[in-house]
Structures are given as C-alpha cells and as structure tokens.
Peer 1: 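Next up is a structure, given as structure tokens.
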Amino acid sequence: MSSPASTPSRRGGKRGRGSNPPTPQDARSPPSQKRRADDSTSTGDLQPMPTSPPADVQSPGAPDALFSSPPQFRHSAIPLDFDISSPLTYGTPSSRVEGTPRSGVRGTPVRQRPDLGSVRKARQVDLHSDGVAEDITTEQSLGQKLVIWGTDVNVASCKEKFQRFLQRFIDPVAKEDEDIGLDLNEPRYMQRLEEINMVGEPFLNVNCDHLRSFDENLYRQLICYPQEVIPTFDMAANEIFFDRYPDSILEHQIQVRPYNALKTRNMRNLNPEDIDQLITISGMVIRSSQLIPEMQEAFFKCQVCAFTARVEIDRGRIAEPSVCKNCNTMHSMALIHNRSMFSDKQMIKLQESPEDMPAGQTPHTVALFAHNDLVDKVQPGDRVNVTGIYRAVPIRMNPRVSNVRSVYKTHIDVIHYRKTDSKRLHGVDEEMERKMFTEERVQLLRELSKKPDIYERLCSALAPSIYEHEDIKKGILLQLFGGSRKDFTHTGRGNFRAEINILLCGDPGTSKSQLLQYVYNLVPRGQYTSGGGSSAVGLTAYVMKDPETRQLVLQTGALVLSDNGICCIDEFDKMNESTRSVLHEVMEQQTLSIAKAGIICQLNARTSILAAANPIESQWNPKKTTIENIQLPHTLLSRFDLIFLMLDPRDEAYDRRLARHLVSLYYHSEEKMEEEYMDMAVLRDYIAYARSYINPRLSEEASQALIEAYVDMRKIGSGRGMVSAYPRQLESLIRLAEAHAKVRFSEKVENVDVEEAKRLHREALKQSATDPRTGIVDISILTTGMSATARKRKEELAQALRRLIQSKGKTPALKYQQLFDDLRAQSETAITKEMFEEALRALADDDFLTVTGKTVRLL
Amino acid sequence: MPCVADWLNNPFSIVQGIFAQNVQNSDWEKKVTEYFKEKLKENNATNWVPSLNDVPVHYLKPNSLVKFRCMVQDMFDPEFYMGVYETVDPNTKARVLHFGKYRDVAECGPQQEIDLNSSQTVTSERQTFYCVPVPAESVLVLNPRFYAYISVSQARVSPSTSYTPSRHKRSYEEDEDMDLHPSKQKEQHMGNCHCSGGDIHGCVEPKRLETEASAGHHLISPNCSPPLDLNFPLPGEKGPACLVKVYESWDSFKVNDVLEVYGILSVDPVLSIVNNEEREGSALDPMECMDTAEEQRVHSPPASLVPRIHVILAQKLQHINPLLPACLNEEESKTFVSNFMSELSSVRAELLGFLTHALLGDSLAAEYLILHLISTVYARRDVLPLGKFAVNLSGCPRNSIFTEHIYRIIQQLVPASYRLQMTIENMNHSRFIPHKDYTANRLVSGVLQLASNTSLVVDETQLEQGQLDTTGVHNVTALGNLITWQKVDYDFNYHQMEFPCNINVLITSEGRSLLPSDCQVHLQPQIIPPNMEEYMTSLLTAVLPSVLNKFRIYLSLLRLLDYSISEEVTKAVEEDFVEMRKNDPESITADDLHKTLLVARFLSLSAGQTTLSRERWLRAKQLEALRKARLQQQKCVNGNEL
C-alpha cells in the first residue's frame, strides 16, 4: 500500500497538467456538499462507517462527496443500500462483514484494492460551476453534469457505459488463444461473469482493446483516470453479477482488472505525462522482494480499561493514540498485532526486455508494487506484460532539513500481470508472442509480398556481405520461415516437425561461420554455440542453484532457449558423441527429455538447426562421400532436410564477381551501409509477420505434385535396385513447399512452391548425396552412410575372401598378414587394410570365422 | 552583462537570470544552453573551464562550471525531477517560483517551504550516466599542463620543453620505475590477485591510492564501512567517477561513448545526508524499501567521492588526442590538417625508422605495426566489421622484457592503450566481460569495456602451461569474439547483450597465437642488443619530444581520413585476383583478397592518400607476399625442428 501514503495530498503538482484546479484539501465545491446531504439519508446503515482512510484522518469532518449521485440510483431502481459499492467508498476496510450469510452484493465483503491506492480526495464537481467541457451523452438529465473532481468522469454515466459494455460486447476479431470454451457469438464478458460464478475467482480481466473498440471515450477515461474509473467498473460489474447470480458466494467482491492498455508498451517511452495513468509495459522480472506485510489498520487496546481503538494507516505511518479516549490515561494504548489488519505487498524490479533496447544502451528498470493475490505471481526471469498505474512520489520530506531532493521516486502499482512466455514450456503456440506490427508496417510487408520476385529479393537481402551461394541462402531463407505446424496428437503421432534443419559443410574459410552469425543476429530467438565449446548439458538443460532463491532450478540450455527459433551450431563435427546424441531427439521429435537430479521432464525444443561442419581432412575431398568427409553418423545426417556443400568454386567469372564485390566493401561509405541495415530490419519483420500470421495448407494440385515428385524420386533408385527416397524426404519436401508459400504470404501451397522445393532439394542432394565413385545421386549415402555401390563392393570382397579361405582347404587357423597379402595378390583392384578388415568382420558376422589377435580361425 | 568569472564560478546566477526573464514561456531552457554555447565558443574559453580530469574534486568550487572527459560506463534509470517548483512562506504566503534543473536539491530559503501541490510545478525528466575517465588514457592525454599548453597555442606542434609529467597522475617516470622492477611488479600483482581477485595489471601504487582516496574518505560517514567500488573497467585506474545528469537528447549517447561534458558541479553534502536519513528510515517506512541498501549505495554514492555533474553541453569526442583539434570539420582544423599533410611522408619515414629500431631492425613488422595502429572499424556490413586489423606479432622472445618495451612504445604513441598479460592466473581470476549486478542494479565493468580506438596489447608470451577454468574459457572466448567480430557480449544474467566495440588488438606471442587474428607477422630480428633494457630506453630517450608528438598526431589523424577506390583500380584489382586464382587456386582465397585489400587501404592512408592507386595495390601485394613467405619459412624451420 504505497500509494495511499503518498497520493492524496501530493498529487496535484505532479500531474504535469497545468489546468489543475487548486489543491484538493481546501477547495471544496458547494454543490457536492449539497449532494451529500440527501446521500446520507439514503445510504442507510453503512454510511457512518469510515470511508477511505486518508480522507478520514486528514479531514474528519468531511467524508462527504465521496458518493456518487443518488439520482442515478433512483433511476435504475436498485435498492438504496446499494450505495456501499459506490466507487468512492470502495476499499473501506471496515466494511467487511464477519461471518454472516454471504451472498448478494451486500453480503459479499469488499476487499481493498491497494493497487489503486486509496481513493483520493475525489469529489464531484458540478460542471456548471467548473466550466470544463463534457461530452457525455446520456439521456439522464440529472446528475450527468456531475464529475469527479479533477477529472471529466461522471460516475453514473461511466458505470452505465461499462455495464452496457459488459452486456453487449462481442469480440469481432476473437482469437482462440485466450477464449477457450467461450462462445464467440455471445457477449464475451457475460460469459466471463458466468465463469466467475462457477469458479469463484472474483477477478474480471478486461481487455482495454475491447473497451476501446466499444467506446473510445470510456477507454480514454480509463487510461487517464484509472484510480477513479476502475472502482466504478468494479461497482458496475458487481451489480450485474449479483443481479444475475444473487446466490453466488464469493470470497470478496469482484475486482475488475483491465489489461493491454495500448498507450505505452515500452519502458523507454515512459515520461512524466504518464504519471497516474494506466499503462501497460512489457519487460523481464529481475528481482522480487520478500513478502512485506503492510499494516492497513492498527488495533490498539488500552492496558488500563481495555478500550479498543482502530487506527488506519496514513501515508505509511500509524498515529499511535497517546491518550485513551475512554479513561483518559496517557500512553496506555498498546498495539495488538493479532487483530491488526495487514495486506500483502511485494516489490518487484522489472527490466526492459532485450528486444526493446536500442543498441549500445543499457536496459532500464522500473519498480513494481504487487498487492494481495498478485504477490508471488511472477518469478525473476519471467517475461511479463504489466498493467498498472504509474506513480511518482517525491522523496520524503525531512522536517529537519528545509531543502528537499528534487527527484521523484517512481513505481507502478500492478493491476494485472500477463506472462508472455508462460506458454512456451507447455506447447500450444507462439500466439502469445505475436509481434505488434503497425498498420503501415503490415501494409508495407503485404505490398512487398505481392512483388513477383520477392523470393529473390529476400534472398539477396540475406547476408549481403556473403557472396553468391544463392541456393544456400535460399535454403536458409526457407528455414527462417519454416513449415506449417501440424498437430496429430489426437491420432497418436504427436507433432509433426515444421522446422527445417540445414547442414552446411565445406572448406574452411567459405564464410560458413559468417552465415551462422548472420542468422543468429537476425532471428529474435537464436542461439549460437560452437561444437567444440558446447557440452550436452549446455545444449539441453542443467540443474543449478538459483542465486535468488537458493533453490535448485532447471536451467535450460541452448536448444530449449531457441525454442521457436534457430539454434546455430558451428563446428558441428567437433562435437563429441554424447552431445550429438541429444540432437537425435530434438531434430525429429522436437522435444528434449531430461532426467537428472530428481527432475524428469520433457521440454519443447521446436528449434531449427543450422549447423556447419568442416571436413575431417580440413580440405574437402571430392573423391569421398559426404559421410566420409565429415564423419557424422548417418542417423543424424538424415535428419537434415538440406545438406549443402560450400565449396570454393574454381571459376574465373566467379572470381571476378567476387573480387568486385569485396572491393566495393572496402570503400562504400557509411550511408550505404545504413541502407543495407534498413533492409535487415524489414527482413526481420517480414519473417516475423509470416511466421506468426501465415499458415499455408497444401492445395489439391500441390499435393498431387508432391506425390508425383516422391514417386519419381523412388523410381530413380528402383531402376538400379536401390531405394533413393524415404518418407523423410517427402516430409522435407512438404516443409520446404510450405515455407516457400509463406515467403509469398500465401495461405495455400501451390505448384510453384512444390517446384521450388523440389529444385532446392535436388540441388542439395546433388551436392551432398552424389556418390563420388559413380557420379549418381544416391540418397542412401545419407540414410545408411554408404552408397549402394559401395555396399555392393563390400559384399563382393567378402565373398572373394570367403572363396580364398575355402580354397586353402581345411586349415583351422590362418595368419592375418598372410591372408591379407594373398587377397591383395588375387584382387585386381587395390585393397586397403580397412577394406580387408571390413570383409573379415562381415564374415565373422556370418559365423564363418573369428579373428583373435593376429590369427584368423575358421569355425 | 556578467563577466567571465560569473558564468564560470556561479553559473546558477546566469540560469536564474534567464529563468526570471522568461518565466512565462518555457523556452528558458533553450536560452540557457545557447548562452553557454556562445560563451564557450569565445576564444579559448574552453581552456578556462577547470577539468575534473586534472583537478581533484576537493579543489573545485561547488556549483561552478566544470568540464569532464569521460566514458559512459553505465546508464541508470531516467529520473523525474521538479523542473519548476514553487516555494511558499508560511508566514507571508509569498510564493516564489524556482527552477529545479541543474540541481540535485530543491532549495528554498530558511523561511520557506516547498509547495508540492502547486499547480505551477513542472515535472521533467533527466537521465543519469555513470561515467569514468577514459580507461587506459596515456600520459599524453592525462598531463594537464601539457594539454593546456598545447591547446592554448592553437594545437600547433612545437617542441614541448614543458613536457614534465605531473605527479598525481600515472606518469612516464612512474611507469618507468615500475618497469625497472618487473619482479617487484610481479610480486605486487600476485598480491593483488590474492586479496582482491580482480587486479590484473599490478600498477597500483598502494600509497598513492591511499592518499588520494583518503581525501574522500574522511567525508564519508562511518556507517558506510566498505569502500565504494568505483567500477573502473581496468584495475589500477584512478580519477574521479562521476554521475553525469543529462537533460537533453540522451538517446544519442551509448555505453562506452567518450564524451566531453560541460556542466555544473554538484558536491552538495546534503546528498549524502539525505542518503543516510533514508537508510535509517527504511526500517520504518515501506516506501523506502524499494531499493536495496546495496543499490542505494551504488546509485547515490557520497557526493565527495562521486561528484554529480549537471550537463549543460555534452559532445561525443572523435578522439582524445589533445594534439589534434577536437573536431576536424571546422575551418581552422582544416588548415591544421593540410599543414600536417605536407610533412606527412617525412613523418611516416621517421616513424617507420623508429618502429624498425624498436622491433629490432625488422622493417616489415614495423610496416605492419603502422598499418595496425591506424586501423579502425569504419563500417559494419551486417555482422562483419570492416577495417579491423588485429595483428599477431609472433616470434617474440619468450619471457623477456621485449614485449613490455613494445607496449611502452605503443603507450607513448597512442592516446589510450592497455597491456593485457595473458597468464593462466589472469585469465582465470579476472572478469573480462562486464556483467549486470542485479542486487546493486548496475553494470559491473570488465577489462573489455574499453572506449573506441583503445590499443589492447595482449601479451601471450606470458602464457605458461596450465588449466583454464570456466571463467578462463569464457574470457578467452570473449577475447576471441572481440578480435573476430569487434563486439563484446555483456552478461545480463538472463540474457546477453551485444555491444559493438572498436579496439585495436595486437597480440605478441612466441609461436602462432591461440587467439584469432587478421594477420600474423613473424618477427625476424636483425640485431640482438646485448642489453635489451638499455637499448630500448636509449631508443625512447633519443626521440625528440617534438618528433614524438608528430608521431602521435600522425597516428590519430590518419584514422579519421576518408577512403575510396576508383572504378579503374577496382578493375585492376579484379583482374589481378582472377589472375592469381588462375595460377594458384589452392592458396589464394577470398580471405586473402580481403586481407590484401585491407593492407592496401591502410597503406594508402598511411601515405596520406585517400584513394587506392595501382602502385599501392602492388605494394600491398608485395608486403603480403613477403609476410607469407616468412610464415612459410617459419613453418619449414619448425618442421625441421620437429
């Protein structure tokens, strides 16, 4: 309860609005007092109770003017004692009813809203005397000109409008993500109220965006005067609720929690004008304090005569009564802790999220105060959207020093939290992360997507400093867009992988690392690791002691962190075996199973992998297959959709273009660079937009084309008695085609997409799956690690060896070296030791012989 | 019309005057900055403003105009303050308007109190930067008398007989006697590592530090027991850290920018008192527990130790070399540049000779060293920094004082330089990467938080066998990233953030360095002096200070020149490349072309030419060929040895 301490008396000044009437304390407008006169007759039993605390303590004579105008109530024909829920008496602690049947508006205790702060010295002002323009258009003639002092809010009309909003609002552009189980054609918030009735959680979250589309003016009032308007909303919601469900029993009255205020999103944009307004900012929690019990009301008991007294907090202090009112003993009052009222409070530090930060600056932080049930809702590290009221408090005056520090302390009283990444670990979708795009930006992107050469354009915008390698860039581009996510959970197959994995291999110094760096810098959730420098633990997850809580926590590694992003792994070949094995699961199932230190779980790791590998012999050996060159297990290789070779082309025209390109790098001025940089931003937005808004599906003809393509691929191999394509290749093709459709912002995958997917796939195959001995594209190099011809040759050799041994007659044992020499002498092709050993092993597998040391025994 | 002393010593009276005249309209703020801008433009006015870099804080008058040359180390949250406030006399009800800009404390007379509810109050916003003196500034920049002398004489180069280092800064002599006793230094360094765990370069002279710090210490209240860490990037740095309050266009400043600020010095002891009061009160008042004690300590340190400067004018500096005019675009400085250009070639020849001697007679290495020293990142193409030229000087004798002397020579030539001794201990125990301390809410600095164009000399000859621990590996990786991408990933605990930098890295090593580099030059000493110490010292003393100054101007100036390549030469380069590839496709790659183009660029610039000529291109190729041949030869030698 920070704000009550500060707000009432000090706020006029810091509003920054020049037009504020003089300070609230002394100016008291007569009309409102008159109102009050007939108020007190109508409010019945509850009236004498103390109203908003600071108001009382400060000016005991005038708890008046805090009620809304009675004429309104007469109009709406609601029982008169309803006034308890008047917005301005709202938050009175003493209004809680102990025990008693709790139903209906009266029975349900009101709970304080420390988040709103105490109701300030709000009084209603008759506009006739004030002269402020008012644009309320209610038909009610009485009371409509009455506004809360200092604002243009008329409680009656505001309440009525909000009730109308609750009753009528139907979201025209409903999104599924938060409305699970809601009927989109019925008034949305009425269903919410029904939910409250059933669940019993008395909080009504209201999307400000909805309110804005419903009533612009009401929205503006909410943003500008949240402290006055929200209690009015509470009142309105409660009226409707208890009207509908009179028997409902709630813990306390419903509190309205607006969220998604559009005005401010970024911490950096906060300025003095936002003070006391409703704001929504996003950021990351970096620190949260312990729970602070804050005394709301102190309970004193006289030690002499047992007379009790309650004292409410005033600006963070309790005024201890020095004299007992009953027996007039001095200093006899003692505080009884057990009977005092406390509320929970927590201080939280929120730091600007890294995406919002301009380059080269350090992040800003802002303090948040969470109250009651919002305490402990967020943990350090959480990304949240916070809606709350921005406060500025002058640093406390010191009575002994006349000079005051001229700086204010600022904080936000939290009204609503919304975790932005809460769903990341649970699946569903990146719906929550939808980036906000301005209208113009969307327009620009849409226009771009209409260009016939958009694919080429984007491709050339990708890493312009890296020369040529068009197809590789195209592949990476498609990877950035990704396929459509499909869910087959209900048929038991689980998620299909939508991410495209790419492996680049080739000579050192062909700017592979640079490409990786570029991609890592481009995507919002990219991770960059290097094979040599990463362990299985670093990639997956590890358990560590949290510095904040000193508890064991699961820290996620690069693969989990790049969920929905791209994980760039450099020097893939240098990675050790155990680390690489982790990737098997990630690259196909897109999950990561962890069982360590008592934590067993499965994390999502829907990440695309962009890996780069150097050949074993440091230079690519064109006489060897891909597998032989990079020495990676084929099980892993087959999980890459595209495998590209980045070789240094030996070609004069290429050299010439390359030279020109490089030279231009060395004298182009800074401005031209800037232009390029702009492109990177556009590219980033383009990808983000396509990723979150475009979900292409296969059209009929496209699926036919895909089938044909697959059948063709199978056919190629079957002619030579080998399999040249597996279902995995078909899936790759589908993903590539979908990604290409996304590039065009098309909701349908068409023939062009399939064509490009086929072409790219073929290109990659041609590069990586060509059997160097025969020159034929052979997919089995990637799927089994050996080309069909090689396998055939191996078998032949084994047979030859068997014949040789058999020809030697019945010798139980043979000398190893002898046998090798014999075989070499017999064969017309060169036989290496490896080949010989392989043949021996093959025969051993057939239980024909065993090898022990230097002798070969027949069985 | 107020006289000079007025706007220097009592700038508030000026501001008050302007404020009083323009109470009604809000543009008094603009008028204030304009007034001071005008004043500072007047001839040499900037030299009369005392500099916080040279004069200890306690000699400066509070609330006077000062200047400060500094690097932005951290940025704190923006703060809201009372831009205009009203005081009221409780007896007479007389109301007076005041301005709160440029002040920490809202002042009012003894009989007045501040009306916090006044409708006249204007809330404004300002930004606080935590600034430290430019790390690793060399004696040339630090020496105040020298600085003043040079700038008064219109930065004209003249024999500087007045070049006597002042005592309270790290001076040449001091360095020298450090260097004379390397063993002593080592001891000290070990000691530092043990007690603080963070000191790398043992050039802290404990006594001196103590005397300097004690000036601030007796003012700190006793309950503030542990000494405040002023958060300098490099160990052993001295000088005042400052909280610089910026009032306009703070968005344009970035972390690690070098600024020169003119502003009002505020060392009001009230700031510290308010602080203590708050701390006492915090137990009672939940309002105050917003910040941890640690955070308060860091964000509002005692004003005597960390003074505040309320900025009136701030400008980013292109360079910190006092021998050069601050801004090269002005008319006067153009004549300066053209004058210097005329003697450029002779200066270059002399510098080459000097460096050749320093590198024991190896002219090729000297040539590359010049290229290295004038290199700077001039642009970034997506992730690729262009213009960085990290040189690995291999073949340095192990465990000898040679590398130390090389550093001393570089230190004499460039405005900011730092020698990083790459020992296992240093790598394991020091923090290279700045990281965010969330309890104190500040960016804790690391060795790699350096201003642009700082020369970082990494001494790998110090490396012994041993094991790097996690920190060590992180540090080496960070160093590698710095060299390759010219960026440092600052550690924000929950995420990392990339800060681009522009640091010239020179690695001295015995064999090939384990760190990446753009170009490796193998040293081939022509002369082996019997006494290295003597040889180097005499070399330095033999150079006239005036000549040394010319070298300094030369190196700083050439960095700032523009450069282009004509269409014609582009064609020629193209042809050349194609030809080279044809002859030897295995060994000539795009990377080689990159390197040769870089060498050509700096070669042209080092001769003062802003376009590439055919001759320079050939010369660059020739240099590269020589360098490669040497490496090849070295490989053979090593091969034979093995």
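Computed over heavy atoms, backbone and side chain alike; hydrogens, waters and symmetry mates excluded. Letters A, B, ... mirror the listed sequences (proteins, then strands); counts begin at 1. Since this is a predicted model, take the numbers as computed values, not measurements.
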Peer 1: Is the backbone of A:Y408 close enough, under 3.5 Å, to the side chain of B:E79 for a donor and an acceptor to pair up by distance?
Peer 2: no
Peer 1: Between A:T362 and B:D74 (side chain of the first, backbone of the second, donor and acceptor by atom type, cut-off under 3.5 Å), is there such a pair?
Peer 2: no
Peer 1: Just how far is it from atom CD1 of A:I275 to atom OG1 of B:T123, taken to the nearest 0.5 Å?
Peer 2: 5.0 Å
Peer 1: Considering only heavy atoms, which portion of B:M75 lies under 4.5 Å from any heavy atom of chain A: side chain, backbone, both, or neither?
Peer 2: both
Peer 1: Side chain, backbone, both or neither: which part of B:W617 has a non-hydrogen atom closer than 4.5 Å to chain A?
Peer 2: neither
Peer 1: With a 4.5 angstrom heavy-atom cut-off, is it the side chain or the backbone of B:K101 that approaches chain A, or both, or neither?
Peer 2: neither
Peer 1: Return the set of residues passing side chain to side chain contact (heavy atoms under 4.5 Å, CB included) with A:V366 (not counting sequence neighbours), or none when no residue passes.
Peer 2: A:M267, A:I281, A:L350, A:L368, A:Y390, A:I412
Peer 1: Donor-acceptor pair, A:Q361 side chain versus B:F253 backbone, under 3.5 Å?
Peer 2: yes
Peer 1: Can you tell me which portion of B:F80 sits under 4.5 Å from chain A's heavy atoms? Options are side chain, backbone, both or neither.
Peer 2: both
Peer 1: With a cut-off of 6.0 Å (strictly less than), are more than 12 heavy atoms of other residues, nucleotides or ligands near NE2 of B:H474?
Peer 2: no
Peer 1: Please look at B:Q127 and chain A and tell me whether the side chain, the backbone, both or neither of the residue comes under 4.5 angstrom of a heavy atom of that chain.
Peer 2: side chain
Peer 1: Ignoring hydrogens and geometry, is there a side-chain-to-backbone donor-acceptor pair from B:D77 to A:H364 under 3.5 Å?
Peer 2: no
Peer 1: CD of A:Q517 to CG of B:N481: how many Å apart, nearest 0.5 Å?
Peer 2: 7.0 Å
Peer 1: In terms of heavy-atom proximity below 4.5 Å to chain A, should B:F492 be classed as side chain, backbone, both, or neither?
Peer 2: side chain
Peer 1: Less than 4.5 Å to any heavy atom of chain A: does that hold for the side chain of B:F76, its backbone, both, or neither?
Peer 2: backbone
Peer 1: Please classify the contact of B:S124 with chain A as side chain, backbone, both or neither, using a heavy-atom distance under 4.5 Å.
Peer 2: backbone
